[in-house]
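So that the names make sense, note that chain A is the first sequence line, chain B the second, and so on, each numbered from 1. Atoms considered below: every heavy atom in the structure, side chains included; atoms not considered: hydrogens, waters and symmetry mates.
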Protein chains: 2
Amino acid sequence: MIELRHLKTLAALRDTGSLVEAAERVFLTQSALSHQIKDLEERLNCSLFIRKTKPICFTSAGQRVLTLADEVLPMIRNAERDIARLAGGETGRLNMAIECHSCFQWLMPTIDLFRENWPEVEMDLSSGFSFSPLPALARGELDLVITSDPQEMNGICYEPLFSYEVQVALSKKHPLARKSHIEPEDFVEETLICYPVDRNRLDVFTRFLDPADIEPKEVRTAELTVMMLQLIASGRGISALPSWALTEYVDRDYVAVRPLSAKGIWTTLYAAIRDDQRDAEFMRDFLTTARETSFRNLSGIRTAAK
Amino acid sequence: MIELRHLKTLAALRDTGSLVEAAERVFLTQSALSHQIKDLEERLNCSLFIRKTKPICFTSAGQRVLTLADEVLPMIRNAERDIARLAGGETGRLNMAIECHSCFQWLMPTIDLFRENWPEVEMDLSSGFSFSPLPALARGELDLVITSDPQEMNGICYEPLFSYEVQVALSKKHPLARKSHIEPEDFVEETLICYPVDRNRLDVFTRFLDPADIEPKEVRTAELTVMMLQLIASGRGISALPSWALTEYVDRDYVAVRPLSAKGIWTTLYAAIRDDQRDAEFMRDFLTTARETSFRNLSGIRTAAK
DNA sequence: TACTATACTTGAATTTCGTTCATATAGGAT
DNA sequence: ATCCTATATGAACGAAATTCAAGTATAGTA
């Protein structure tokens, strides 16, 4: 009667608040979910949520299904992982590298959770690679690299984790804070603060400033996100960062954020891995855990299609 | 990945011990289960049970799936019942009557379980109806009658509960106990003990003795199953009873049992209910509970198709 | 008041997936 | 051997879930 698919859908509906986003989460169309829920409702012969309410509101039957989902889905997940361990061996190596420091925010909880479930997998994490991590990945010194610009390379594949918006962080008193969104021209008189990496690996340049042929007045670098935000808050410059890395500062009313252009610039974050580890059970589970953890902890992110 | 369907199948496989019977339990063909399991196995990429072993033997992965099933399926069941209560109202009336006293064996636990879940439903049970219960059911004095011979009647429908074999119980020292099965002719010199009901409502007569035009030497009646067994054990007669009513006496080595004819005589037990209560949520749940309880407590019974 | 955007619903078309049917294979018993 | 029972397999079918293409509804905006 009730199927796991229904539980996943309802949970996604609660987590996202809308059919459109829920559909994206479960990799279906919004129409499919509409049919699916309608079908379930008439099989249970009662409605599950009140339509046309902004903060989506579940009926008591809907809530009952949700508590069921919260009980059952983790159990299924755990069993699948246990079986994966039984089937695919418990050990492996997972040396990771990240290019962007803000990734710690979701990577740390991910690693913690993963280590609990795969105690035998040897893990290591190196950040701020002075050298380019991709060749090291290909050579087998690294096993996974978090990156937002996939570069075609033999033996390497990219597993999408999630998509996010790149937003401008600026002082609340900054004149540009009065605009609803930032245009390329707005940068000509600004100091842009960014991570110390090659500029053609930064979306602000490749997808925003370069196409408009605009150059900021000055570019300066900072290694750590916190440092950047100090500079920004004190009006020493502006920066383009993942929206999820900024929410905590916005919540504390420390800085203001604005989208790049009217529609905003969206990127997706990938895990680069070697083809030969692609089907390893521990690797598959790491990726799933990373996605789960991110969706749980980060706001404003979306599913990334392959 | 794993679906509820898989959990149900695996649990049925464990409970019945063979694909053929498991298939019957979940109302599918044996072929379907074979495909289904094979499919799951390659998706999990590990086998779930060792084939060609008499007492079916699960791998550790298979056992993991089974523990998952044992955790999850009852939760689903409970949630569905909760929602049924929310949707269909919590109250109702359920006056029951049974014709055969041995039914207490599965009916009592069923009633106990049901009462826990539907405290608001008013229940009553009358046994040994002196009058015919079916008209009382039609009139609305009764709501459910347990019977093994459905008689077409307006406004009444029959919900199959389970099928069982009618077997001959006889003293272990009885000469007929040496035979592997009993033929109609074997009755000509025997005393047959049966419940005090019309003889054309008893399968021994309608489906076994009458077609062969055989009459037992003597027919005597007893109200209670225990009484019958005392008579049988002391060699005062033989009787034809549901196999599940006899297992406890066989286990205690109190009597012997033999099938009627080589293939055995199978009957199915029905719940007769009024059409107007057929779709009541509490009624549906009662029937499901009865089936579940029977399969759990009774041995040698099988699913009954409508 | 009309316009535009957003969110959901609906029916029909379509694809996918599970099931059945018919048949093959393998053990175990006689 | 052979029969019998249990499981496996491939092809064909059918039902069910999903997508596609429109349609309705509501809120925000000019």
Side-chain angles (χ1 to χ4, degrees), chain A residues 1-10 12-44 47-59 62 180-181 259 261-264 266 300 302-303 305-306, chain B residues 1-10 12-44 46-59 62 180-181 259 262-264 266 300 302-303 305-306:
Chain A
M1 175 112 246
I2 292 185
E3 290 296 320
L4 292 185
R5 154 173 56 96
H6 299 129
L7 301 185
K8 289 178 187 149
T9 299
L10 262 271
L13 186 56
R14 173 193 51 193
D15 296 346
T16 61
S18 91
L19 270 195
V20 184
E21 279 194 81
E24 185 172 274
R25 277 278 175 101
V26 296
F27 298 100
L28 290 176
T29 60
Q30 171 272 324
S31 174
L33 290 208
S34 184
H35 282 295
Q36 194 185 92
I37 294 174
K38 185 186 165 204
D39 176 65
L40 179 62
E41 284 182 330
E42 53 200 37
R43 277 197 284 174
L44 297 175
S47 64
L48 297 169
F49 65 98
I50 320 288
R51 282 100 220 285
K52 62 183 92 170
T53 50
K54 336 257 156 87
I56 198 164
C57 180
F58 293 90
T59 65
S180 66
H181 59 269
S261 86
K263 317 130 287 163
W266 285 77
R302 328 192 90 200
T303 301
K306 181 67 187 189
Chain B
M1 177 111 242
I2 292 182
E3 291 294 323
L4 292 185
R5 154 173 56 96
H6 299 129
L7 300 185
K8 288 179 188 150
T9 298
L10 262 269
L13 186 56
R14 174 194 49 195
D15 295 347
T16 62
S18 90
L19 271 194
V20 183
E21 279 194 81
E24 183 172 275
R25 279 277 175 102
V26 296
F27 297 100
L28 290 175
T29 61
Q30 168 272 323
S31 174
L33 290 208
S34 184
H35 283 296
Q36 193 186 91
I37 294 174
K38 184 184 166 205
D39 177 65
L40 180 62
E41 285 182 328
E42 52 201 38
R43 277 197 284 175
L44 297 175
C46 63
S47 64
L48 296 170
F49 65 98
I50 320 289
R51 282 104 221 283
K52 62 182 92 169
T53 51
K54 336 252 153 89
I56 199 164
C57 178
F58 293 89
T59 64
S180 66
H181 58 268
K263 318 130 281 164
W266 286 77
R302 329 192 89 202
T303 303
K306 180 71 187 184

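- Here the CZ atom belonging to Arg25(B) is positioned 9.5 Å from the CZ atom belonging to Arg302(B), to the nearest 0.5 angstrom.
- For His6(A) (side chain) and Glu3(A) (main-chain N/O), a donor-acceptor pair under 3.5 Å exists by modelled atom type.
- Atoms CG (Leu28(B)) and C1' (dG14(D)) sit 14 Å apart, rounded to a whole Å.
- Distance Arg5(B) CZ to dA15(D) C1': 13 Å, rounded to the nearest Å.
- If you check every strand for non-hydrogen atoms under 4.0 Å, Ser18(B) touches sugar and phosphate atoms only.
- Side-chain N or O atoms of Glu41(B) include one that pairs as donor or acceptor with a backbone N or O of Leu48(B) at under 3.5 Å.
- Lacking a ring centre under 5.5 Å from that of the base six-membered ring together with a plane angle below 30°, His35(A) does not count as stacked on dT18(D).
- Summarising the geometry, atom OG belonging to Ser47(B) is positioned 11.0 Å from atom CG belonging to Leu40(B); distances are rounded to the nearest 0.5 Å.
- The closest donor-acceptor contact from the side chain of Thr9(B) to the backbone of Arg5(B) lies under 3.5 Å.
- Contacts between chain A and DNA chain C, taken as any atom within less than 4.0 angstrom of a protein heavy atom, begin and end at dC8(C) to dA12(C).
- For the helix from dT1(C)-dA30(D) to dT30(C)-dA1(D), the angle separating the two terminal helix axes comes to 10°, with each axis derived from five pairs and the value rounded to 10°.
- Closest heavy-atom contact between Glu24(A) and Thr303(A): O-OG1, 3.5 Å.
- Contact of the Ile2(A) side chain with the Leu44(A) side chain is registered, since non-hydrogen atoms from C-beta on lie closer than 4.5 Å.
- Atom CG in Leu19(A) sits about 15 Å away from atom C1' in dT24(D), given to the nearest Å.
- Atom CD1 of Ile37(B) is separated from atom P of dA6(D) by 15 Å (rounded to the nearest Å).
- Nearest heavy atoms, Lys8(A) versus Val26(A): O-CG1, 4.2 Å.
- Ser31(B) contributes a side-chain N or O that forms a donor-acceptor pair with the base of dT9(D) under 3.5 Å.
- Between the CD atom of Glu3(A) and the C1' atom of dT18(D) there is a distance of 15 Å, given to the nearest Å.
- Taking 4.0 angstrom as the limit, Arg51(B) places a side-chain polar atom (N or O) nearer than this to OP1 or OP2 of dA8(D).
- Although no hydrogens or angles enter the test, the distance criterion places a donor-acceptor pair under 3.5 Å between the side chain of Arg51(B) and the main chain of Phe49(B).
- One interatomic measurement links the two molecules: CD of Gln30(A) to P of dT19(D), which rounds to 11 Å at whole-angstrom precision.
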